[in-house]
Structure formats: structure tokens, C-alpha cells
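Data block below; observations after.
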Amino acid sequence: MGGYLPAGLLPVSAGYLSDAVGLPTGTTVFATALLALAAAGGLTVVVSRRKVADLA
């Protein structure tokens, strides 16, 4: 369930955003949001791996 909700919510919200502000702006905002989510996920992995390495 945790994977299906974002997989459905992100494209639908991008479509509504594109209708509201135009396709180029909507695409840029959507790409920026995905970039931020990917960076946060990568940072989470790095931090958690460091904590595990410190415990060992």
C-alpha cells in the first residue's frame, strides 16, 4: 500500500498542476519535487548506513 499511494498520487497531482499553471511549469515543479524526494531518500540511506557502521 505504501508504494501504490505515491505511485498514483504523484502523476495525478502533476496532471492537475499542469492544468493549473501550464505544462512547462508543472513539469518543472514535478521534477523538482522528485529530485527533493530522491535526495532525501539517498540522505536517509547514507545516515542509516553510518549509524549501522558505528555500531559494528
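- P6 and P11 get closest at one heavy-atom pair: O-CD, 4.1 Å.
- With a 4.5 Å cut-off between side-chain heavy atoms of Ile, Leu, Val, Met, Phe, Trp and Tyr, the cluster of V47 takes in L43.
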With a 3.5 Å cut-off and sequence neighbours excluded, list the donor-acceptor pairs that the side chains of residues 26-38 form with protein atoms.
unit_1, atom_1, unit_2, atom_2, d
T27, OG1, L23, O, 2.7
T28, OG1, P24, O, 2.8
T32, OG1, T28, O, 2.8

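- Remark: V12 engages Y16 in a side-chain contact (heavy atoms from CB on, under 4.5 Å) (not counting sequence neighbours).
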